[in-house]
Amino acid sequence: MLSGATLGFVVGGVFGAQWEDPRFGFWVELIDLLGDVFMNLLKMVVVPLIVCSMVVGITSLGDLRKIRGTFGWTIAYYVMTTLLSVALGIFLVILIQPGVAASTQIEAARQMPESLTWYEALFDVVRGLFPQNLFEAAAKGQILGLIVASLLFGGILTLLGERGRKVIELFDIGNEAIMRLVRLVIWLAPVGIFGLVATKIGSAGGGEAVWHELQKLAKYALTVLLGLSIHAFVVLPILLSVLGRRNPLRYAGHYTEALLTAFTTASSAATLPITMRDARVKAGLSDEASGFVLPLGATVNMDGTALYEAVAVIFICQAYGIELGFAQFVIVWLTATLAAIGAAAIPEAGLVTMVMVLTAVGAPIEGIALLLSIDWFLDRCRTTVNVWGDTIGTAVIDRTLRPPR
Ligand code: ASP
């Protein structure tokens, strides 16, 4: 996978200037196709995987008390780590001040997302928990709704005694079959990852153009990257060793495939099949933990996104010369956490929910235009941290599920 990614960087970086040249049209389209097939395969397995693993996950947790306990701990852990990462982001952006003296003279290239108040955004999340049409939710990738429906269905099956068992077994077998399918997808991953990376860098104009864009926003990008690094390399590993009692280095080694996929697809949801497989097969986590905690984490737990939203919003305020007081920082802290919970696990979803944080502190929504040119890159980095955070949460919860020795 790493060689696929490297080759992608090289091909996209070197030939980026010729990406639009019609003479190379065939090759450009072919490389694009390789990435698309990989991405589509991942998306193809993700819906049945979530449904099967959630149904089985909830039933294998056994009695209602255990389910409630696990659910409660999972959510508490996820919210706590998200709050922690936002606090880190706020601290760094105040310290580094990347937005001071940044130019606000950038044309808005894309249409701005609509403005939402914090409660509208929150209510939207709640609304998404109860989709009126399961197929529509599946088609649109509204994972939270699918999770709730599967949990309810699985929970009811446990009440049906022997007949319910039969159906549960069916889902269990489905789960296993999908896991085998995932193995096949992973086998194709190096080629797919090559296609995704080469297309992204190439269509952005090649290595030089990307470097140029990054330099324009270097201080802001570095603040985000520094925050993400501290969270990923210091905060989360400490939590893993203290609460999950695992060696962080060895544990990270189990997830190289998942983390690389997160970086190249920029989607926690598309990465989920690979994360789940790594958790089960390589890290040896229980089916209950990987089947239940990971899918939930993919949609609700986004430490990287939360940190990035806080940095981005305060960066915009600094660039526009908007002074923020203590109360406003607290608002950013809370709304960025909410915005990350509400963000879909798809590329650049964080940009959309950021509107809510901006409105909450009275910052201009057009400020988002300042960030657009390099968001695709930061999106990949934060998605990788999101997935890493999910895997650590799963290890922590996994430990609570094991009988004390
Ligand atoms: N792409 C991110 C994810 O899937 C969400 C975001 O921050 O835009 O985890």
Side-chain angles (χ1 to χ4, degrees), residues 81-110 112-113 115 118 210-236 302-340 343 348 350-386 389:
T81 49
T82 309
L83 283 169
L84 215 62
S85 73
V86 182
L88 175 64
I90 295 180
F91 172 74
L92 287 175
V93 71
I94 294 177
L95 191 75
I96 301 175
Q97 306 257 325
V100 173
S103 161
T104 49
Q105 305 303 312
I106 297 179
E107 284 290 310
R110 279 190 243 180
M112 283 299 132
S115 150
W118 68 269
V210 169
W211 184 237
H212 187 68
E213 284 303 331
L214 272 179
Q215 268 177 336
K216 271 200 268 173
L217 286 165
K219 222 170 157 191
Y220 158 70
L222 282 178
T223 313
V224 175
L225 293 179
L226 181 66
L228 291 178
S229 310
I230 296 178
H231 193 71
F233 295 120
V234 182
V235 179
L236 289 174
M302 296 196 183
D303 295 357
T305 301
L307 185 145
Y308 143 86
E309 299 217 9
V311 173
V313 167
I314 299 175
F315 167 81
I316 291 173
C317 290
Q318 290 171 350
Y320 280 89
I322 300 168
E323 293 271 337
L324 298 179
F326 181 75
Q328 270 122 343
F329 285 123
V330 174
I331 292 178
V332 172
W333 188 48
L334 297 177
T335 49
T337 302
L338 259 180
E348 300 196 60
L351 263 192
V352 181
T353 56
M354 193 201 294
V355 175
M356 172 184 119
V357 191
L358 285 169
T359 346
V361 290
I365 298 169
E366 316 83 75
I368 292 185
L370 298 178
L371 322 168
L372 291 180
S373 61
I374 59 160
D375 193 67
W376 64 270
F377 174 70
L378 296 180
D379 186 18
R380 280 148 204 268
C381 302
R382 63 185 189 250
T383 308
T384 313
V385 177
N386 290 346

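All residue numbers refer to positions in the sequence shown, counting from 1. It should be emphasised that the depicted structure is a prediction, and the values quoted were computed from it without experimental measurement.
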Apply side chain to side chain contact (heavy atoms under 4.5 Å, CB included) to L217 and S373, showing your working. CA-CA 9 Å; L217 286 165; S373 61; 3.8 Å; yes

Minimal non-hydrogen separation, L225 against S229, with atom names: O-OG, 2.6 Å

My understanding is that only residues two or more places apart in sequence, or in another chain, count here; which of them pass side-chain hydrogen bond (donor to acceptor under 3.5 Å, both in side chains) with D303? T82, H231

First locate atom CG of L371, then atom CZ of F315, and finally report the distance between them rounded to the nearest 0.5 Å. 6.0 Å

Between CD1 of I316 and CG of L358, what distance do you get to the nearest 0.5 Å? 4.5 Å

Between CG on residue L307 and CE on residue M302, distance to nearest 0.5 Å: 14.0 Å

For residues L228 and G304, report the shortest heavy-atom separation together with the two atoms involved. CD2-CA, 3.5 Å

For E323, look at atom CD and say whether over 12 heavy atoms of other residues, nucleotides or ligands are found less than 6.0 Å away. no

Passes side-chain hydrogen bond (donor to acceptor under 3.5 Å, both in side chains), D375 versus Y308? Steps please. CA-CA 10 Å; D375 193 67; Y308 143 86; 2.8 Å; yes

Between I374 and V210, does the side chain to side chain contact (heavy atoms under 4.5 Å, CB included) criterion hold? Intermediate values first, please. CA-CA 8 Å; I374 59 160; V210 169; over 6 Å; no

Do S85 and V235 have side-chain heavy atoms sitting under 4.5 Å apart? no

In Å, rounded to the nearest 0.5 Å, how long is the span from CG of L222 to CG of L92? 11.5 Å

So CD1 of I314 and CD1 of I322: to nearest 0.5 Å the spacing works out to 11.5 Å

Minimum heavy-atom separation for M354 and I368, please, with both atom names. SD-CG1, 4.2 Å

Less than 4.5 Å apart, any side-chain heavy atom of L372 and any of L351? yes

From E366 CD over to Y320 OH, what is the distance, rounded to the nearest 0.5 angstrom? 5.5 Å

Nearest non-hydrogen partners of A336 and E309, listed with the distance: CB-CB, 4.3 Å

Closest non-hydrogen atom pair between C317 and V361, with its separation: SG-CG2, 4.4 Å

Does the side chain of V224 come within less than 4.5 Å of F377's, by heavy atoms? no

Is T335 reaching over with its side chain to a backbone N or O of V357, donor-acceptor style, under 3.5 angstrom? no

Taking all non-hydrogen atoms of both residues, which atom of E348 and which atom of R382 are closest, and how far apart? CA-NH2, 3.8 Å

Please check if the side chain of Q328 supplies one atom and the backbone of G325 the other of a donor-acceptor pair under 3.5 Å. yes

Check: V86 main-chain N/O paired with W333 side-chain donor or acceptor under 3.5 Å: no

